[in-house]
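Throughout, protein chains are lettered first and strands after them, A, B, ... in sequence-line order, and every chain is numbered starting at 1.
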Amino acid sequence: MHVLKKDCPMSKYREYKGLDLPVVANEMLERWKRENTFEKSVSSRPENKPFVFYEGPPSANGLPGIHHVMGRAIKDIFCRYKTNKGYRVERKAGWDTHGLPVELGVEKELGITKEDIGKTISVEAYNEACRKAVMKYTDVWNDLTEKMGYWVDMDDPYVTYENKYMESVWWILRRLYDKGLMYKGYTIQPYSPAAGTGLSSHEINQPGSYRMVKDTSATALFKLKEDGQKMLATLTGNNDLTYTMVAWTTTPWTLPSNTALAVNKKVDYVVVESFNQYTGSPMAVVLAKDLVSYQFSGKYETNEDDSAYHEFNLGDKKIPYRIIGTLKGTDLVGYYYEQLLPYVLPMETPEKAFCIIAGDFVTTEDGTGVVHIAPTFGADDAQVAKAAGVPPMLIADAQGNPIPLVDLQGRFVDAMGDELGGMYVKNEYYTENEPDKSVDVLISIKLKEENKAFKIEKYEHSYPHCWRTDKPILYYPLDSWFIKSTAAKDRLIALNKTINWKPESTGTGRFGNWLENLNDWNLSRSRFWGVPIPIWRTEDGTEELCIGSVEELKSAIVASLNAGIMKENPLADFVPGDMSEANYNTFDLHKNYMDNVVLVSPKGKPMHREQDLIDVWFDSGSMPYAQWHYPFENKDKIDDGKAFPADFIAEGVDQTRGWFFTLHAIATMAFDSIAYKSVISNGLVLDKNGQKMSKRLGNAVDPFLMLNKYGADATRWYMITNAQPWDNLRFDESGIVEVQRKFFGTLYNTYSFFALYANVDGFDYSENDVPLSEKPEIDRWVISRLNSLIIDVDAAYADYEPTKAGRLIQNFVTEELSNWYVRLCRRRFWKGDYETDKVAAYQTLYTCLETVSILSAPIAPFYMDQLFRDLNVVADKNTAESVHLAEFPESDSSKIDLDLERRMSLAQRITSMTLGLRKLEKIRVRQPLQKLMIPVIDKDFVRQVTEVSDMILREVNVKEIEFLNETEGILVKEIKADFKKLGPRFGKQMKDVAARINAFGQAEIADLERNGKIEIEMGDASREEIIRDEVLITTKDIPGWLVASEGELTVAMDITISEQLREEGIAREFVNRIQNLRKDSGLDVTDKIAVKIESRASIEQAIKNNLDYICAETLADSLELVSKVNGGNSLEVEVETGIETRIALEKI
RNA sequence: AGUCCUGUAGCUCAGUUGGUUAGAGCACUACACUGAUAAUGUAGGGGUCCGCAGUUCAAAUCUGCGCAGGACUACCA
């Protein structure tokens, strides 16, 4: 009987024909727009409770990929979660607009190269093209942002090319400058003398840059100074030899710039006695042991005979050699040698040059294991020399400025003398009058003549070439502006230790190690589209000015105008102090304008801006301040900590040395603060085979396709729950399908089930809550689990573990709520009147669904909002308009009953085991059985199982449970050692002890259980006492019964089917058949029927004895046994093997 | 080359301070259930826990050395 509670029509829970997540997303998107939900989710939270989040700016000149959905889902989840927790979470979007990819994109589009800039296209037009190109895909990005449900304020983003942003960047640079943290120096960079420009690593890595070339390579002999001679003479016991180091180079032109030799401390070196193949002079060379046979090949022949060395003459077919001493690399470090080619001396600390130093990069794979170091022409060389305090080969030019031995055109400087001065170091650089002998050859000949060459030969290797001129590049020292991050190293490390890294290893490992090995930050980039370095210098470099604001620049320009240096003022219309957009649109801080600004020095000289732009990473690292135009506006946001540092940021792990570093470095150096408290570095999204996605391989996944096909919710849920954010995700579409079916399908089904019956009964949650104590066991159980879930999910979110949160929710929904609670409670919803028990069931299920919707909303924002609204539209329990405006549920610890959760777990296990037994014996569940027997495990066991016995019996269709006490002596038991307890006690004897315990018979087990202890005899005849607690005793068998065991739990089943049980079974079969027929006939769940069954002797008794039961179950007003059933609505049924009959029903 | 991550069933992933039968979902096979039905349950098959060595009474788990995949950084005489 279903009694409608109310007569008046009420609003119904929305019922759906099916689950279509993309449609849900579209509908919800419309609602959010209409209701300004995002805006409200910020404004409804108090300003004094901020959760600060920074959006890492993407570059809008490329299209978004599926990995952006991943990264942004992570950001979104925690912002939404914190909103639910009552925080105000402002999320300002941002665009990274400067940098090389933009320039290259524009050049490709316009069909120009860098050389055209300033020639066929003005810098101004070029920059204008960049400004447009960079926002090319803004619409696509905005579309993705919206469709994937990422809430970020796209209406008022920060844009790195805007004047206000750039002004803040300048202000920070000025602050670092004032702190003495900026200096001009040089680094070794790829440089193309033919093109007269430095090359970025990006350009070097273009396909075709590296080519195989044949160069003259020289293996040269470096004569040790006196200390070294003595040391080796002592080692070998030979005072007559001249000891030399031997080192190899493919670029002999760098030998005049040699200032050090590097050895590996750990490598074994040997001293070899032999003769020079070109001059025949005796020699004793030091090289790596592993490379002796490689170097002494060809004419050389190992020979231990002294006479071979006395009798050797130049021109002999074979040259003898032998090892006369062995030592470690570390023994060589610190000795000095004579300069190989003494053209000039380094201007700085020449006494420290020509020294043997240690370098970890030195290997014994080729060469000699001794590496020639020319700090002016090799990046590694410069670094290792600097670390060792060895000066680079820089000499003073006419003005006294340091210069290398090769000029910017690639020619030796005049100081190299008549012979080499003015020559190009590579013959490829000559456009005419190319000499026969290249510099490499000339130097090699010189070495041979001077007895300094061990070997000269052609060597083929791969070498980078300039993609514009096709000529080989040089590694060349170029002027750059640096930030002295090494000065802040200790502080950077200390502050990093206060950051919460997810995962921790990225913070301590990759990032921590990076900080430990920090280099100064090279700020300079020879580009066009970016933030200009705001430093103006006089030509001689003696006077210098760093500008930190537009206002400052304007007054400097005015001074320059007054001095007559500049003719007009590009900032004429700028009004200092006016922060309006209009005012800030009256000028442009980009290079094309700033290069025209010539200031005047205090001494009245003109000052030109330093040519370079700054590294774009500095742009994005400045965003905490620049996004607010700090300190010119919003000073309080930074100074009062309202928007700094961030509570949370998240980006890909590839940003570790990018954005994560620049944020940290700038915050530390400029503000002595961290920039973020917690950071997630997420992994990559790979294809399903673990390959990196790329357009080239065609395995890139189109994010829009996924969103349109499965909706954002399923896509996000899949990505978040499948792998931890910091592990790489193997993206597999079938995984989304699974999530859709398994999680969303189940949740949808659960809601549909609720809605169907709640609508029938008119449940709208207007009744007072049924007190917990009056709710049935299963309600209290699921409520207890729900409250435990709240605690766990809250903790997981708070700890930035979204995967854990999602998996917990999913498990609750599919296993506990749907598969256990709903499955066991189905009858309560459709059976009986609208009374307390039914109300309790509705209230319980409602509460679970609503709570799940809030817990899951951060991950699946669309569907969960629909669920939340569908529930509340009728019940109006939660006054929030949207799930995203709701408060995160509070767990009520008084509702958590761990004993109850244990009881239910027992019930589930007993049920599962019993069903297993039925299956084993092929007894269908509809056939009632009489009895289950369960051995008692401990003192609480009987009570616990008794409290859930109704549930078990109903589920497995058995009539009673009998508990078996061990005293009855019918149980066959099994005993095992508890290794965890006995292991520490017995150590090595453990194996022996375990074997002895395993060997116990039933009598010994019983003895142990009775007395709580037992003695065993050890191998050495000593006796040890084992107590009850140190072993695990389980019931293995109950003779005569059908038994299942799982851990310590055992269940036995009585499988005798009495006549009465058999009849009940048949009755249940009929109920089932009638229900099927009802359903197939399209009857409503509330319709009443009249039933006719064609009589058979085999079933008559069963039906008569269970008539009331059958009628009640099927809502039948009458049930007749008739001799013949025919007519339309009848069905042939087989109730039991061999028993066939016909049934018919009609609606009354 | 350096730093870091990952490696467990056919696939995607759990696996606690080391403790003796290594788990789940998907897929597969069989059986059952049927007023949630584009669902559900039960059972089954399926494992060199990447390899080797070590520590330990005991290793998927700790240590070392490798292998494979990936990321970042640096690119060499």
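- Between A/Y751 and A/F754, the angle of the ring planes lies from 30° to 60°, which puts this pair in the tilted group.
- The OH-P distance, from A/Y821 to B/A39, rounds to 24 Å in whole Å.
- For B/C72, the OP1/OP2 oxygens have no side-chain nitrogen or oxygen of A/R510 closer than 4.0 Å.
- Across all strands shown, B/A36 has no partner, as no Watson-Crick or G-U wobble contact with both distances under 3.5 Å is found.
- Rounded to a whole Å, the CG atom of A/N957 is 17 Å from the P atom of B/U42.
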Verdict with supporting geometry, A/K838 and A/D761, salt bridge (Lys or Arg N to Asp or Glu O under 4.0 Å): CA-CA 9 Å; A/K838 205 171 204 184; A/D761 283 323; 3.0 Å; yes
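- Within the shown strands, nothing qualifies as a pairing partner of B/A60 under the Watson-Crick or G-U definition with both distances less than 3.5 Å.
- Across all strands, A/G367 comes closer than 4.0 Å to no nucleic acid atom at all (heavy-atom distances).
- Across all strands, A/Q724 comes closer than 4.0 Å only to sugar-phosphate atoms, never to a base (heavy-atom distances).
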Using a cut-off of under 3.5 Å, enumerate the N/O to N/O pairs linking the protein to nucleotides 65-67 of chain B.
none

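- Checking B/U40, B/C4, B/A71 against every side-chain atom of A/K742, the shortest atom distance belongs to B/U40.
- For the pair A/N728 and B/C5, the criterion of a side-chain N or O lying under 4.0 Å from OP1 or OP2 is not met.
- In terms of modelled atom types and a separation under 3.5 Å, the side chain of A/D799 and the main chain of A/E801 share no donor-acceptor contact.
- Salt-bridge check for A/E955 with A/R823: passed, with a basic side-chain N closer than 4.0 Å to an acidic carboxylate O.
- For the OP1/OP2 pair of B/C33 and a distance below 4.0 Å, the side-chain nitrogens and oxygens of A/N1072 include no atom meeting the criterion.
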In residues 720-728 of chain A, what donor-acceptor pairs under 3.5 Å come from side-chain atoms, sequence neighbours left out?
residue : atom : partner : partner atom : Å
A/T721  : OG1  : A/W717  : O            : 2.7
A/N728  : OD1  : A/L684  : N            : 2.9

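- B/C26 is paired with B/G10 under the criterion used here, namely a Watson-Crick or G-U wobble arrangement in which both key atom distances are under 3.5 Å.
- Once rounded to the nearest 0.5 Å, the distance linking CD of A/Q189 with CD1 of A/I473 reads 11.0 Å.
- Between B/A1 and B/G46, the distance separating the two P atoms is 42 Å to the nearest Å.
- Ring pair A/W514/A/F661 is perpendicular by interplanar angle, where above 60° counts as perpendicular and below 30° as parallel.
- B/C49 and B/A9: their C1' atoms are spaced 10 Å apart (whole Å).
- Counting only heavy atoms from C-beta outward, the side chains of A/E651 and A/T656 never approach each other to under 4.5 Å.
- Judged purely by distance below 3.5 Å, without hydrogens or angles, the side chains of A/T251 and A/T254 pair a donor atom with an acceptor atom.
- Heavy-atom nearest nucleotides on RNA chain B were determined for A/K17 and for A/T803, and the one closer to the 5' end corresponds to A/T803.
- As judged by a 4.0 angstrom heavy-atom cut-off over every strand, A/R741 is placed among residues touching the sugar-phosphate backbone only.
- A/N749 comes within 4.0 angstrom of a nucleotide base, judged by non-hydrogen atoms across all strands.
- Residues A/H664 and A/F511 bring their aromatic ring centres within 6.0 Å.
- Nucleotide B/G10 holds its C1' atom 13 Å from the CZ atom of A/R730, rounded to whole Å.
- Separation of the C1' atoms belonging to B/U17 and B/U3 is 29 Å when rounded to the nearest angstrom.
- Of all nucleotides present, only B/C31 satisfies the Watson-Crick or G-U wobble test against B/G41, with each distance under 3.5 Å.
- Rounded to an integer number of Å, the gap from A/Y459 OH to B/C76 C1' is 10 Å.
- Rounded to whole Å, the C1' atom of B/A59 lies 11 Å from the corresponding atom of B/G54.
- As rounded to the nearest Å, B/U56 and B/U29 have P atoms that lie 50 Å from one another.
- When distances run from any side-chain atom of A/D727 to the nucleotides B/C75, B/G19, B/C5, the shortest one goes to B/C5.
- Minimum atom distance to the side chain of A/R807 is reached by B/C13, of the listed B/C13, B/U21, B/U40.
- The same atom, P, is picked in B/C11 and in B/U48; the two are 11 Å apart, to the nearest Å.
- Taking 4.0 angstrom as the limit, A/K980 places none of its side-chain polar atoms (N or O) nearer than this to OP1 or OP2 of B/U17.
- For A/F753 and A/E815, each mapped to the nucleotide of RNA chain B holding its nearest heavy atom, the one lying further toward the 5' end belongs to A/F753.
- Here B/G19 is the nucleotide among B/C13, B/U73, B/G19 with the atom lying nearest to any side-chain atom of A/M990.
- For the P atoms, the distance linking B/G70 with B/C13 amounts to 16 Å, nearest Å.
- As judged by a 4.0 angstrom heavy-atom cut-off over every strand, A/S752 is placed among residues making no nucleic acid contact.
- When heavy atoms are screened at a 4.0 angstrom cut-off, A/S505 is found touching the sugar-phosphate backbone but no base atom.
- For A/S818 against B/A36, a side-chain N or O and a base N or O form a donor-acceptor pair under 3.5 Å.
- Phosphate contact (OP1/OP2 of B/G19, side-chain N/O of A/K981, threshold under 4.0 Å): absent.
- Between A/L756 atom CG and B/U37 atom P there is a gap of 8 Å when expressed in whole angstrom units.
- B/C4: Watson-Crick or G-U partner is B/G70, with both key distances under 3.5 Å.
- A/K804 places its NZ atom 10 Å from the C1' atom of B/U16, with the value rounded to the nearest Å.
- Atom C1' of B/U21 sits at a distance of 24 Å from the matching atom of B/C28, rounded to the whole Å.
- When rounded to the nearest whole Å, the span between CG of A/D992 and P of B/C57 equals 15 Å.
- Closest contact between the side chain of A/E738 and the listed nucleotides B/A36, B/U3, B/G25 involves B/G25.
- In this model, the phosphate group of B/C76 is approached by a side-chain N or O of A/Y475 to a distance below 4.0 Å at OP1 or OP2.
- In this model, the phosphate group of B/U12 is not approached by any side-chain N or O of A/N722 to a distance below 4.0 Å at OP1 or OP2.
- The interatomic distance linking A/Q383 (CD) with B/C76 (C1') rounds to 13 Å, in whole Å.
- Between A/F377 and A/Y476, the ring planes lie tilted relative to each other; the angle falls in the 30° to 60° range.
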